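My structure is below; once you've seen it, I'll send some questions.
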Amino acid sequence: MSEIVVSGIRSTGNLHLGNYFGAIRNFLKLQEQHQCYFFIADFHSLTTHPTPSDLLGNTRQVLIEYLACGLDPEKCVLYRQSDVHEIPELYLLLNMNAYLGELERCTTFKEKARKQPNNINAGLLTYPVLMAADILIHKASKVPVGKDQEQHLEMTRNFAARFNRMYGVDYFPEPVAYNFGKELIKIPGLDGSGKMGKSEGNAIHLSDPPEVIRKKVMRAVTDSGPTQANQPMSEPVANLFMLMKIISSTDTYQYFLDSYNQCTIRYGDMKKQLAEDIIAFIKPIYDRIIELNNRPDYLKQVIELGADKARQSASKTLKEVREIIGFKAF
Ligand code: TYM
């Protein structure tokens with residue numbers, strides 16, 4: 001049965017392997033058989049970057065990278081959040097049913113508030129409400145995202161259920177975070193702990209040239225090596241193995257795992273191999289990024305078509321929501 005799928009990525013920098021494996025890879029499969037919407041979250045980008053020097057350029061870059069990954073504008077709707085005015089209106093309406101306590105308890109809010117103490121703006125606080133509006137505006141049931149978005153999805157379900165309860169309707173579905181491998185994933189960064197992220201400086205970008213990838217991987221944090229057979233791995237080493245498991249062949253992964261367990265591993269060799277495998281994985285995407293950079297007319301066509309299609313779906317939902325709440329014509 002065809003389902004409605006929505007996902008998006010903030011336009012605050014070039015896409016990295018975490019974005020690819022957390023969100024895009026799942027979407028590539030889903031676009032083949034479901035009704036899929038994938039957007040560039042440019043409103044959301046203002047919560048952390050309120051005065052971007054090149055908002056349009058950032059959006060354009062993300063669009064190029066979506067297309068280079070294989071998102072197909074013939075199969076799914078690719079659009080920019082700020083082109084769909086119905087989203088901020090639904091955001092406003094949902095804000096009336098979102099409570100300070102639950103917004104303040106949100107982990108990402110607490111994290112961001114710690115990171116940018118001089119800019120704890122209301123947009124940051126209500127970030128999950130805007131995200132719920134993104135999802136509910138198309139009445140989506142599946143949302144392909146990485147593990148870090150799990151709590152936001154739980155909040156979206158709460159807002160949807162609360163709306164239904166408050167207005168006595170069975171209107172919004174309760175969407176779930178989706179990964180085809182069942183478990184949501186977290187791609188680690190190269191700095192030994194935590195996740196790969198845009199602002200952490202620990203990411204491999206899909207637009208990184210081979211020499212940059214080699215440098216980044218060779219600099220990745222490890223430890224002084226195992227001293228006894230089958231020794232549990234330290235976090236930085238476990239992270240490198242996780243990347244290798246996702247990117248490299250099973251044989252390569254097994255070879256280095258065995259050599260770790262037998263204490264014969266040389267991290268330098270492992271990193272060299274991992275770097276080459278990442279380069280090979282990224283190469284077709286990297287080449288298409290360069291090619292798409294030279295096709296401004298095509299990009300314009302894609303974004304305009306996406307805006308039209310997204311607004312068709314969004315305006316239908318918003319019209320119904322307005323009626324449910326009681327905003328009716330005179
Ligand atoms: P953003 O821009 O931080 O990340 C975009 C997507 O990439 C995933 N991701 C990761 N997955 C695994 N490992 C990682 N290291 C990693 N880093 C990032 C994220 O989980 C996400 O799926 N709030 C969203 C953007 C958004 C959205 C939405 C998503 C706005 N509205 C509606 C889905 C539906 C965000 O900040 O993503």
Side-chain angles (χ1 to χ4, degrees), residues 1-10 15 19-44 59 62-63 65-91 93-94 130-146 149-150 152-157 159-161 163-164 169-182 184 298-299 301-324:
M1 195 189 72
S2 174
E3 293 192 64
I4 301 176
V5 180
V6 171
S7 197
I9 299 184
R10 278 172 304 142
L15 303 193
N19 300 136
Y20 184 86
F21 287 105
I24 295 178
R25 180 177 59 164
N26 290 304
F27 203 88
L28 291 176
K29 296 221 166 183
L30 293 166
Q31 73 176 356
E32 299 300 328
Q33 29 175 313
H34 298 285
Q35 199 177 332
C36 291
Y37 298 85
F38 209 100
F39 67 95
I40 302 155
D42 55 348
F43 281 141
H44 271 112
T59 303
V62 176
L63 176 66
E65 296 186 3
Y66 279 179
L67 293 166
C69 287
L71 294 181
D72 182 346
E74 307 271 316
K75 294 181 182 158
C76 65
V77 181
L78 277 185
Y79 63 101
R80 155 167 80 165
Q81 189 183 32
S82 63
D83 278 336
V84 182
H85 308 292
E86 290 79 2
I87 295 171
E89 187 170 339
L90 182 60
Y91 166 59
L93 297 170
L94 292 174
L130 180 54
M131 189 159 156
D134 292 328
I135 297 168
L136 298 177
I137 198 77
H138 301 299
K139 301 179 76 179
S141 54
K142 274 197 170 80
V143 186
V145 283
Q149 299 298 313
E150 203 165 29
H152 287 155
L153 259 296
E154 192 187 324
M155 294 174 83
T156 299
R157 284 193 291 281
F159 297 139
F163 179 95
N164 290 345
V169 288
D170 181 16
Y171 185 69
F172 284 127
E174 292 182 31
V176 290
Y178 176 80
N179 183 299
F180 65 78
K182 298 273 187 286
L184 299 182
Y298 174 65
L299 299 176
Q301 197 188 320
V302 168
I303 210 76
E304 286 175 359
L305 176 73
D308 274 355
K309 288 199 207 159
R311 291 198 67 184
Q312 269 173 36
S313 151
S315 58
K316 180 170 182 297
T317 306
L318 193 67
K319 184 165 174 284
E320 290 165 356
V321 166
R322 280 171 149 263
E323 273 175 21
I324 290 170

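Values below: every heavy atom of this structure, side chains too, minus hydrogens, waters and symmetry copies. Because the structure is a prediction, the values reported are computed rather than measured.
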| message | As a test of understanding, state which of Q312, E320, K319 forms a side chain to side chain contact (heavy atoms under 4.5 Å, CB included) with K316. | response |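 Of the listed options, the one satisfying the test is E320.
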| Side-chain contact, heavy-atom cut-off 4.5 Å: L71 with L28? |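 Yes, at least one pair of side-chain atoms sits under 4.5 Å.
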| Mind checking whether V5 and Q31 have side chains closer than 4.5 Å, heavy atoms only? |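 A side-chain contact is absent here, since even the closest heavy-atom pair is not under 4.5 Å.
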Show me the donor-acceptor pairs, under 3.5 Å and distance only, between side chains in residues 81-88 and residues at least two apart or in other chains.
unit_1: Q81; atom_1: OE1; unit_2: D42; atom_2: N; d: 3.2
unit_1: Q81; atom_1: OE1; unit_2: F43; atom_2: N; d: 2.8
unit_1: Q81; atom_1: OE1; unit_2: H44; atom_2: N; d: 3.3
unit_1: Q81; atom_1: NE2; unit_2: H44; atom_2: ND1; d: 3.2
unit_1: Q81; atom_1: NE2; unit_2: D134; atom_2: OD1; d: 2.9
unit_1: Q81; atom_1: NE2; unit_2: D134; atom_2: OD2; d: 3.3
unit_1: S82; atom_1: OG; unit_2: D42; atom_2: OD1; d: 3.4
unit_1: S82; atom_1: OG; unit_2: D42; atom_2: OD2; d: 2.6
unit_1: D83; atom_1: OD1; unit_2: R80; atom_2: NE; d: 3.4
unit_1: D83; atom_1: OD1; unit_2: R80; atom_2: NH2; d: 3.3
unit_1: D83; atom_1: OD2; unit_2: R80; atom_2: NE; d: 3.1
unit_1: E86; atom_1: OE1; unit_2: R311; atom_2: NE; d: 3.3
unit_1: E86; atom_1: OE2; unit_2: R311; atom_2: NH2; d: 3.3

| task | Could you check if a side-chain atom of V321 sits within less than 4.5 angstrom of a side-chain atom of L136, using non-hydrogen atoms only? | result |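 A side-chain contact is absent here, since even the closest heavy-atom pair is not under 4.5 Å.
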| Ring centroid separation Y79 to H138 under 6.0 Å |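 Between H138 and Y79, which both carry aromatic rings, the centre distance is below 6.0 Å.
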| Minimum side-chain heavy-atom gap F38-I9 below 4.5 Å |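 Sidechains of I9 and F38: in contact.
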| message | What I'd like to find out is whether the side chain of I303 reaches to under 4.5 Å of the side chain of L78, using heavy atoms alone. | response |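 I303 does not reach L78 side chain to side chain.
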| Are any of the side-chain heavy atoms of I24 and Y66 separated by less than 4.5 Å? |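 When only atoms from C-beta onward are counted, Y66 and I24 do touch, with a gap below 4.5 Å.
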| said: Tell me every residue that passes side chain to side chain donor-acceptor pair (under 3.5 Å) with K29, counting only those two or more places apart in sequence or in another chain. | reply: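 With neighbours one apart ignored, the set is empty.
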| said: Run the ring-ring contact (aromatic ring centres under 6.0 Å, His included) test against F21 and tell me which residues pass, sequence neighbours left out. | reply: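 Once residues adjacent in sequence are excluded, the partners of F21 under the ring-ring contact (aromatic ring centres under 6.0 Å, His included) criterion are F281.
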| query | So which heavy atom on R157 is nearest to which on P175, and how close? | reply |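 The answer is NH1-O, 2.9 Å.
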